[in-house]
Protein chains: 2
Amino acid sequence: MQKSVALTPLRVACSGCNLRELCLPMKLTDADLEQVDDLISLKHAYQRGDYLYQSGAKFQSLYAIRTGFFKTQVLHEDGREQVTGFQMAGEIIGMDAISSDAHACDAIALEDSEVCEIPFGRLEELSRKLPSLQRHLHRILSREIVRDQGIMLLLGSMRAEERLAVFLLNLSQRFAIRGYSPTSFHLRMTRQEIGSYLGMKLETVSRTLSHFQEIGLISIRKKSVELHNLPGLQSIVGPQQQLL
Amino acid sequence: MQKSVALTPLRVACSGCNLRELCLPMKLTDADLEQVDDLISLKHAYQRGDYLYQSGAKFQSLYAIRTGFFKTQVLHEDGREQVTGFQMAGEIIGMDAISSDAHACDAIALEDSEVCEIPFGRLEELSRKLPSLQRHLHRILSREIVRDQGIMLLLGSMRAEERLAVFLLNLSQRFAIRGYSPTSFHLRMTRQEIGSYLGMKLETVSRTLSHFQEIGLISIRKKSVELHNLPGLQSIVGPQQQLL
DNA sequence: GCGCAGGTTTGATATAGGTCAAAATCCCTG
DNA sequence: CAGGGATTTTGACCTATATCAAACCTGCGC
């Protein structure tokens, strides 16, 4: 198992990217893929804490995360903030900005990350020529809508324990898809950010995680989690433990 | 002020629709609009309680609401339900289904309604030819994402009173855009449905509305609401009355 | 016009999760 | 490798909202 130590080139073509089955090029033919390669202009690096974009900024591009981890958040004028998602490699971000030509949320790197920029005008242009790209773009947009509906269900009708179980299981699954362990991973976000995302206070997040640990479902130490019992976590989700 | 008593024709072209500035044809040139006319195949009528589509149904079309009122809801396997939105004339519905070719939620008429069907395959086809239609479709999809983010903010970080104030102000604004009174309207949904949408129980909805009435912000009797003080409602939204 | 089901209001009480506070830990930066 | 700010954990207490329950409407079918 050799690792290249060469500097990452500034341009990485989609065709050579190990995320191509997950990301924008998903299911494209080789011919189509070649055209998408020309689209992806630059790969940018961001450090922990950097903004990928800020709410209000003019919309130019979507972004595909190549490595790293981001959060998106909306800020209410009164200072309240709500984390609306955590994004990892292969996910596309910035779609909220299409509707008004300005970003509607902030995107912030939670660790050092690399991002491919996808100029949206050119993406539209190309997707007029390539029906399979067009279709895939629509799927990505729609998938985001479905994801949001799931979060509404979570925020609107689940208890704290359920929310956290859903959260951990979701991360687990997304790591698994990317070839990482589904049962042992590192949280890149703070308890506070988890709480904001799940509509609860950081103390409640901490307590609930401790509780999961007490009953043997997980181990957690700082940001490292191990899920010992996926079915057990799944069984937390459901309308009521009032049967004990 | 004459009113036509003629039977509504089964086909109504977008070009002759009074919602064209709000709906799919927004901002299209006359030439483009003509092509969209050919797309909209049928207008269907639904009665109160009818499903426009059900979760799991195969995805074929988006729907534009011509008249009436719908709710969308997602059902968790355990029977919990979450209302994800209330839709009115000029709004497009069904976009969650694109991602998986199957509807991800139910859409149910809250009053007798008429709906234009937009076959999605043909919409994609046409939007490959008409950049302005393509752009508008993307905006509509993105607008839904932004709307959902707003609901996450609401569900994740607002108190009951704030949620209800936001809800009333949102309805008010949407009625206003359609030329109806922003201060006097009819709720088409039950307290239970409002509660589901806002992540609270119907009793809390009822109590909070009564409270708004007591302090003179609104009058409410059954489903008829009058907003007496829009700025007052706006001032409810904000992080804290702990200043009194 | 009567009865009844579904919807709404209101009250009394319970509780999940919030708030405040302090101690423990972690992790940068110098 | 020491000091200090940020993060996390845990405890004690409090409150917003849920829950349970009863009475009240209101519109529809008979």
Side-chain angles (χ1 to χ4, degrees), chain A residues 47-49 71 80 82-83 108 110-112 154-165 167 186-215 218-225 236-237 239-244, chain B residues 47-49 71 80 82-83 108 110-112 154-165 167 186-215 218-225 236-237 239-244:
Chain A
Q47 297 196 294
R48 185 145 80 91
K71 72 168 174 180
R80 260 182 302 208
Q82 172 74 27
V83 171
I108 298 163
L110 293 181
E111 64 182 23
D112 294 359
L154 179 144
L155 290 173
S157 51
M158 293 190 180
R159 289 163 307 114
E161 287 199 349
E162 296 182 88
R163 296 180 195 192
L164 216 29
F167 173 72
H186 203 80
L187 299 173
R188 280 112 231 256
M189 66 296 282
T190 65
R191 303 287 189 266
Q192 143 87 282
E193 287 162 337
I194 296 173
S196 169
Y197 181 56
L198 299 178
M200 52 210 255
K201 289 291 133 102
L202 67 310
E203 293 96 326
T204 309
V205 173
S206 176
R207 274 183 238 280
T208 308
L209 289 173
S210 299
H211 176 60
F212 283 172
Q213 178 157 247
E214 275 161 31
I215 61 179
I218 68 172
S219 302
I220 183 156
R221 180 180 154 69
K222 274 279 136 180
K223 308 220 144 145
S224 314
V225 211
I236 293 276
V237 186
Q240 265 0 97
Q241 317 303 86
Q242 65 227 33
L243 14 132
L244 72 126
Chain B
Q47 296 195 294
R48 185 144 82 91
K71 71 168 174 182
R80 260 182 301 207
Q82 171 74 27
V83 172
I108 298 163
L110 293 181
E111 63 182 21
D112 296 358
L154 179 145
L155 291 173
S157 51
M158 291 190 182
R159 291 163 307 113
E161 287 200 348
E162 297 182 88
R163 295 181 195 193
L164 216 28
F167 172 71
H186 204 80
L187 299 172
R188 280 95 226 271
M189 66 296 281
T190 65
R191 303 288 189 264
Q192 143 87 284
E193 287 162 337
I194 297 173
S196 169
Y197 180 58
L198 299 178
M200 52 210 255
K201 291 289 135 103
L202 67 307
E203 294 96 327
T204 309
V205 173
S206 176
R207 274 185 237 280
T208 308
L209 289 173
S210 299
H211 176 62
F212 283 173
Q213 178 157 247
E214 276 161 29
I215 61 180
I218 69 172
S219 302
I220 184 157
R221 178 180 156 69
K222 275 278 137 179
K223 308 221 145 143
S224 315
V225 211
I236 293 276
V237 186
Q240 262 2 98
Q241 318 304 86
Q242 66 226 33
L243 14 131
L244 73 126

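Quick caveat, the model's predicted, so the values are computed rather than measured. Protein chains get the first letters and strands the later ones, always in sequence-line order, with residue 1 at the start of each.
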Query raised in the report: Is there a salt bridge (Lys or Arg N to Asp or Glu O under 4.0 Å) between B:Glu111 and B:Arg188 once you walk through the steps?
Result: CA-CA 7 Å; B:Glu111 63 182 21; B:Arg188 280 95 226 271; 3.0 Å; yes
Query raised in the report: NA contact type, A:Ser206, heavy-atom cut-off 4.0 Å: base, sugar-phosphate, or nothing?
Result: base
Query raised in the report: Which part of the nucleic acid, if any, lies within contact of B:Gly199, taking any heavy atom under 4.0 Å across all strands shown: a base, the sugar-phosphate backbone alone, or nothing?
Result: sugar-phosphate
What is the distance from [atom1] of [X] to [atom2] of [N], rounded to the nearest Å?
{"X": "A:Leu198", "N": "C:dG18", "atom1": "CG", "atom2": "P", "answer": "11 Å"}
{"X": "A:Phe212", "N": "D:dT8", "atom1": "CZ", "atom2": "P", "answer": "17 Å"}
{"X": "A:Glu161", "N": "C:dG18", "atom1": "CD", "atom2": "P", "answer": "13 Å"}
{"X": "A:Lys201", "N": "D:dC14", "atom1": "NZ", "atom2": "C1'", "answer": "14 Å"}
{"X": "A:Arg188", "N": "D:dT8", "atom1": "CZ", "atom2": "C1'", "answer": "19 Å"}
{"X": "B:Leu187", "N": "C:dG7", "atom1": "CG", "atom2": "C1'", "answer": "13 Å"}
{"X": "B:Arg191", "N": "D:dT26", "atom1": "CZ", "atom2": "C1'", "answer": "13 Å"}
{"X": "A:Glu214", "N": "D:dT10", "atom1": "CD", "atom2": "C1'", "answer": "11 Å"}

Requested in this report: Might you work through the side-chain contact (heavy atoms from CB on, under 4.5 Å) test for A:Val225 and A:Arg221, ending with a clear yes or no?
Outcome: CA-CA 7 Å; A:Val225 211; A:Arg221 180 180 154 69; over 6 Å; no
Query raised in the report: side-chain contact (heavy atoms from CB on, under 4.5 Å) with A:Ile194: which of A:Thr208, A:Leu164, A:Leu202, A:Thr204?
Result: A:Leu164
Query raised in the report: Can you find a side chain N or O atom of B:Thr190 that sits less than 4.0 Å from OP1 or OP2 on C:dG6?
Result: no
**Report entry** N or O in side chain of A:Arg159 less than 4.0 angstrom from C:dA16 OP1/OP2
**Finding:** no
Query raised in the report: When you look at B:Arg207 and B:Glu161, which way does the salt bridge (Lys or Arg N to Asp or Glu O under 4.0 Å) test go after all the steps?
Result: CA-CA 10 Å; B:Arg207 274 185 237 280; B:Glu161 287 200 348; over 6 Å; no
Query raised in the report: Nearest to the side chain of B:Arg207 - D:dC20, D:dT7, C:dT9?
Result: D:dC20
Query raised in the report: Of the nucleotides D:dA18, D:dT9, C:dT9, which one has an atom closest to the side chain of B:Leu202?
Result: C:dT9
Report task. Taking the side chain as every heavy atom from C-beta outward, state whether B:Val237 and B:Met158 have any pair of such atoms under 4.5 Å apart. Result -> yes
Query raised in the report: Does the side chain of B:Leu155 come within less than 4.5 Å of B:Arg163's, by heavy atoms?
Result: yes
Requested in this report: Report the distance from atom NZ of B:Lys223 to atom CE of B:Met189, rounding to the nearest 0.5 Å.
Outcome: 9.0 Å
Please produce a list of atom pairs where a protein N or O lies less than 3.5 Å from an N or O of nucleotides 26-30 of chain C.
from, atom 1, to, atom 2, distance (Å)
C:dC26, OP1, A:Arg221, NH1, 3.2
C:dC26, OP1, A:Arg221, NH2, 2.5
C:dC28, OP1, A:Arg48, NH2, 3.3

Query - Nearest-nucleotide 5' precedence on DNA chain C, A:Ala160 against A:Glu203 - result: A:Ala160
